[in-house]
Amino acid sequence: MSKTNTAAQEPKWVQRLLDWYDVNKRDLPWRGVGDPYKIWVSEVMSQQTRIEAMKPYYDNWMQLFPTVEALAEASEDEVVHAWQGLGYYSRARNLRLGVQEVVSNYGGVVPMDRKSMESLKGVGAYTAGAVLSMAYNLPEVAVDGNVLRIYARLYNINDDILGAVGKKKITALVEETLPHDRPGDFNQSLMDFGSSLCIPKSPRCSDCPINSSCEAYANGTTADLPVRIKKTKSITIPLVVGLVQLGDYYLLHKRPNTGLLRSMWEFPSAEASDFSAGESQLKDLLGALGFELKLDSTMVRELTHVFSHRKWEMKTYQGTLIWRGSDAEQIAAIQTKLPADYMLLPRLEFATYTWAGPHGKLTELCK
DNA sequence: AACCCGGGGAA
DNA sequence: TTCCCAGGGTT
């Protein structure tokens, strides 16, 4: 629970920001509805994701899973498939698990206290505060990247906002300044303010309704704040990818259920930077499954895909497979002899499956 | 505290 | 290219 604050202690900028919000707030589908489930979904979808990017996913999600019960009953595959393309897929898996907890342990009602909220899968300090303040108008702070940036400037805080010290310092400040009559609106006003005016680079200070309260603006340090520690560099991984067919069927591989892009489908690939090295590895790989591989040396697509800490440099080739078993064996029979993480699939059924990031873009090369 | 987990828009 | 976004989980 946040500290109490009196009207006398409330900084002048708080009411000015609320006034600005009343005029300039964005019209978003989960706002003004008072539905904690909708707000919860929107918050999780928005994590590390811009609003414009997640909007269509949100609309689709609500069609598929309109209530906590609907989501709780959905399979993990359905849920991750609906998340396909958004990234950070653990968010989808954890959201489903969290909602299942609500249905089984809270009678389907999203809890109204921070401790219970934060005990739910995928719900941390931020999401708990956001849902509680926006859905139930409880005086809880929701400290996200926007809030860290805004307060670092308003109060000229030089600590690294990604570190524990800076984050703790700012959270204390937000608790002191949170207006208890409109906590939900206040938290949302910070989001809208941070995404339109107090933006990371080149903040639009001349248009800012609270620049007279901003210490960084007064000191001329808005360009230097907030302080963020630089991230570690990403490593580059060269990959040779094979779009390999047995008749009308493509051979696909399901990634392990741990690590990057877990449990998603991809085309067979090898960690190699040139055709011959990749061809050799793929022949070994598919040979162990019982296939003979003929790979065409003409590259059909070169694709670079950047993750947070990794970069895939993918070279894609087409090829055909020959089953080493008896000539009479049909696809279905061969299928039963493959390991569980491999399958043969016709192109028309591709849309049914969840693709591992950039592999989804390669499906357009298949016929 | 450090690292892992996606994807995309903007400069 | 680099930055960074309505973060949370794991080790």
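Bear in mind the structure is a predicted one, so any value in this text is a computation, not a measurement. Chain identifiers are assigned alphabetically (A, B, ...) following the order of the sequence lines, protein sequences preceding nucleic acid strands; residue numbering begins at 1 within each chain.
- By the 30° and 60° cut-offs, the orientation of the rings of A:Phe65 relative to A:Trp61 is perpendicular.
- Both A:Arg149 and A:Leu120 lie close to DNA chain C; mapped to their nearest nucleotides by heavy-atom distance, the more 5′-ward contact belongs to A:Arg149.
- Contacts of A:Trp40 with the nucleic acid, taken as non-hydrogen atoms under 4.0 Å apart, are absent.
- Backbone-only contact: A:Gly124 has heavy atoms under 4.0 Å from sugar-phosphate atoms and none from a base.
- The OH atom of A:Tyr88 sits 14 Å away from the P atom of C:dG9 (whole-angstrom rounding).
- Heavy atoms of A:Gly85 sit under 4.0 angstrom from primed sugar atoms or phosphate atoms, though from no base atom.
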Note to self: Under the criterion side chain to side chain donor-acceptor pair (under 3.5 Å), I'd like the reasoning laid out for A:Arg96 against A:Ser75: C-alpha separation, chi angles, the key distance, then a yes or no.
What the structure shows: CA-CA 9 Å; A:Arg96 170 172 168 273; A:Ser75 71; over 6 Å; no
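- For C:dG8, neither phosphate oxygen OP1 nor OP2 lies less than 4.0 angstrom from any side-chain nitrogen or oxygen of A:Arg91.
- A:Glu292 and A:Lys294 are joined by a salt bridge, as a carboxylate oxygen and a charged side-chain nitrogen come within less than 4.0 angstrom of each other.
- Nucleic acid contact class of A:Val44 (heavy atoms, under 4.0 Å, all strands): none.
- Aromatic ring orientation, A:Phe193 versus A:Trp20: perpendicular (interplanar angle above 60°, classes split at 30° and 60°).
- Between the CD1 atom of A:Ile51 and the P atom of B:dG8 there is a distance of 16 Å, rounded to whole Å.
- In the hydrophobic clustering, where aliphatic and aromatic side chains (Ile, Leu, Val, Met, Phe, Trp, Tyr) are joined below 4.5 Å either directly or transitively, A:Ile322 stands alone.
- Between A:Ala356 and A:Val165, the one whose closest nucleotide on DNA chain B sits nearer the 5' end is A:Val165.
- Within residues 257-264 of chain A, the residues having any heavy atom under 4.0 Å from DNA chain B are, by residue number, A:Gly259, A:Leu260, A:Leu261.
- Taking atom CD1 of residue A:Ile161 and atom P of nucleotide C:dC4, one finds them 8 Å apart after rounding to whole Å.
- Remark: P of B:dG9 and CG of A:Leu86 are 12 Å apart, rounded to the nearest angstrom.
- Protein atom CZ of A:Arg93 is 11 Å distant from nucleotide atom P of B:dC5, rounded to whole Å.
- A donor-acceptor contact under 3.5 angstrom links the side-chain atoms of A:Thr49 to the base of B:dG6.
- If you check every strand for non-hydrogen atoms under 4.0 Å, A:Ser202 touches nothing.
- Contact annotation for A:Ile199: no contact, since no heavy-atom pair falls under 4.0 Å across all strands.
- One P atom belongs to C:dG8, the other to B:dG9, and the distance between them is 23 Å to the nearest Å.
- For C:dG7, one of the phosphate oxygens OP1 or OP2 lies less than 4.0 angstrom from a side-chain nitrogen or oxygen of A:Gln48.
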Note to self: Run A:Thr354 and A:Tyr89 through side chain to side chain donor-acceptor pair (under 3.5 Å) and show every step you take.
What the structure shows: CA-CA 11 Å; A:Thr354 306; A:Tyr89 298 94; over 6 Å; no
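- A salt bridge links A:Arg114 with A:Glu140; the closest basic N to acidic carboxylate O contact falls under 4.0 Å.
- If you check every strand for non-hydrogen atoms under 4.0 Å, A:Asn94 touches sugar and phosphate atoms only.
- A sub-4.0 Å separation between OP1 or OP2 of B:dG6 and a side-chain N or O of A:His305 is absent.
- If you check C:dG8, C:dT2, C:dA6 against the side chain of A:Trp30, the one that comes closest is C:dA6.
- At the heavy-atom level, A:Ala142 lies nowhere under 4.0 Å from the strands shown.
- Using bins of under 30°, 30° to 60° and over 60° for the plane-to-plane angle, the ring pair A:Trp323/A:Phe291 lands in the perpendicular bin.
- Distance, A:Ile150 CD1 to C:dC4 C1': 15 Å, rounded to whole Å.
- Spacing between atom CZ of A:Arg228 and atom P of C:dC3 amounts to 10 Å, rounded to whole angstrom units.
- The distance between atom CG of A:Asn146 and atom P of C:dC5, rounded to the nearest whole Å, is 7 Å.
- Remark: the separation of the P atoms in C:dA6 and B:dC4 is 24 Å, to the nearest Å.
- Under 3.5 Å, the side chain of A:Arg26 and the base of C:dA6 form at least one donor-acceptor pair of N or O atoms.
- Among the heavy atoms of the strands lying under 4.0 Å from A:Arg31 is at least one base atom, whether or not backbone atoms are also near.
- Using a cut-off of 4.0 Å between Lys/Arg side-chain N and Asp/Glu carboxylate O, A:Arg204 and A:Asp207 are scored as salt-bridged.
- Here B:dG8 is the nucleotide among B:dG8, C:dG8, C:dA6 with the atom lying nearest to any side-chain atom of A:Lys361.
- Distance check on atom P: B:dG8 versus C:dG9 gives 24 Å, rounded to whole Å.
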